[in-house]
There are 2 protein chains.
Amino acid sequence: MQTFDTVDELHEFVEMLLHRIDQRYTIGRRAVVELLASSERPLSISDIETRVPEIPRSSAYRHLSDLQKAGVVRRIAASDEFARFEMAEDFLHHHHHLLCSSCGQVIDVTPTRAFERTVARMVDELTAAQGFRATSHALDVIGHCANCER
Amino acid sequence: MQTFDTVDELHEFVEMLLHRIDQRYTIGRRAVVELLASSERPLSISDIETRVPEIPRSSAYRHLSDLQKAGVVRRIAASDEFARFEMAEDFLHHHHHLLCSSCGQVIDVTPTRAFERTVARMVDELTAAQGFRATSHALDVIGHCANCER
DNA sequence: GTTGTAATGAGACTCATTCTCATTCTATCA
DNA sequence: TGATAGAATGAGAATGAGTCTCATTACAAC
Ligand SMILES: [Mn+2]
Ligand SMILES: [Mn+2]
Ligand SMILES: [Zn+2]
Ligand SMILES: [Zn+2]
């Protein structure tokens, strides 16, 4: 979490986003948000289960799905079969991912401003010709993390 | 398929890649390769089933998995729950994807040389600090395709 | 406090993908 | 040209991440 001075401001913003879609900011949702906001890497469902075992799996999935609809959370497809979740970009600096194809770990990395300008320009070029309307982009680097790389 | 003058050259190269890992280039594998090589967009298993119904689902999955191990085919996670498959980059120009978050369609797009130079430089910067060894990258643009965009 | 509605928990269910194993190919060599 | 051992295949069972159902619980509004 980077763009909020206090945890209360974070929760206020989350609550507002949930209210927009007529959803309450309940204990369980709050627990998921606090976990994701305090994690420096995207978490899988089993990560979440390990760290907050009192949230049942079915509720965790539902919370994540509701929070995603509200724009609070983002789902990431890693290179293994498990989805990962992180706070949406409104809560974080825009960033990209290193995906380890050995262990599935996802590492956040922040690009330079200059690079993002180039990406934005290219995305416009690439999509214009196709009548495609872009809402976001993702640059994933696939490879092996320091751990898996011997 | 872009980098081969004849279909025979394509098959020769595929056969070599399979032989490297002690695999035979059989009828079923050949059918999958011909389909993917002639498609201008990545295909899902049900796409493949529709176009080559004589290949059983379990064999199609296995062929794709074997071909991926040989470096002939690449698996793509789309924004829906279905994996897509395309020829590996040795068989195609390097390119990126537009992912429609309404219908799941995957559209290939080719970046400029200048853009790829920038990407390559950034990937180096981003990964060096982490001890991460990059093997490839993917730039996905998420949005709505021309069809889904009214 | 009462009450109508939203959220939750437990577990059943779905379905893309993987696995098993009996059968069919096929490369090799006598 | 067979015979044969190992590889590939097909049919269907099994797996398991993710979704759905429904009975119960929490809560906002009055
Ligand atoms: Mn970016
Ligand atoms: Mn690229
Ligand atoms: Zn790793
Ligand atoms: Zn679409």
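Chain A is the first sequence line, chain B the second, and so forth, proteins listed ahead of strands; every chain is numbered from 1.
Of the two residues near DNA chain C, B:Ile27 and A:Gly28, the one whose nearest nucleotide lies more 5' is A:Gly28. Where A:Arg24 and B:Ser65 each meet DNA chain C at their nearest nucleotide, the meeting point lying more 5' is that of A:Arg24.
Here A:Ser59 lies in heavy-atom contact (under 4.0 Å) with a base. At the heavy-atom level, A:Ser58 lies under 4.0 Å from base atoms of the strands shown.
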Dump the intermediate steps for side-chain hydrogen bond (donor to acceptor under 3.5 Å, both in side chains) on A:Gln68 and A:His63, then the final yes or no.
-> CA-CA 8 Å; A:Gln68 187 178 33; A:His63 291 148; over 6 Å; no

Applying salt bridge (Lys or Arg N to Asp or Glu O under 4.0 Å), run through B:Arg41 and B:Asp108 and close with a yes or a no.
-> CA-CA 6 Å; B:Arg41 63 180 70 265; B:Asp108 288 346; over 6 Å; no

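In this entry the distance linking CG of B:Asp80 with C1' of C:dC15 reads 14 Å, nearest Å. The distance between atom CG of B:Asp47 and atom P of C:dT17, rounded to the nearest whole Å, is 12 Å. What separates NZ of A:Lys69 from P of D:dT19 is a distance of 9 Å, to the nearest Å. Following rounding to the nearest Å, A:Leu18 (CG) and C:dA6 (P) show an atom-to-atom distance of 15 Å.
Across C:dT17, D:dA11, D:dA17, the shortest atom-to-atom separation from the side chain of B:Ile45 is found for C:dT17.
Atom CZ in A:Phe85 sits 9.0 Å away from atom CG in A:Leu36 (nearest 0.5 Å).
Between B:Arg29 and the phosphate of D:dA8, there is a side-chain N or O to OP1/OP2 separation shorter than 4.0 Å. For the OP1/OP2 pair of D:dA7 and a distance below 4.0 Å, the side-chain nitrogens and oxygens of B:Gln23 include no atom meeting the criterion. Taking side-chain N and O atoms only, A:Tyr61 has no distance below 4.0 Å to OP1 or OP2 of D:dT19. Regarding contacts with the backbone of C:dT8, a side-chain N or O of A:His63 is found under 4.0 angstrom from either OP1 or OP2.
No hydrogens or angles were tested; on distance alone, a donor-acceptor pair under 3.5 Å links the side chain of B:Arg62 to the base of D:dG10.
Taking the six-membered ring for Trp and the full ring otherwise, A:His137 and B:His97 have centroids separated by 6.0 Å or more.
Neither side chain, A:Thr50 nor A:Asp47, offers a donor N or O lying under 3.5 Å from an acceptor on the other.
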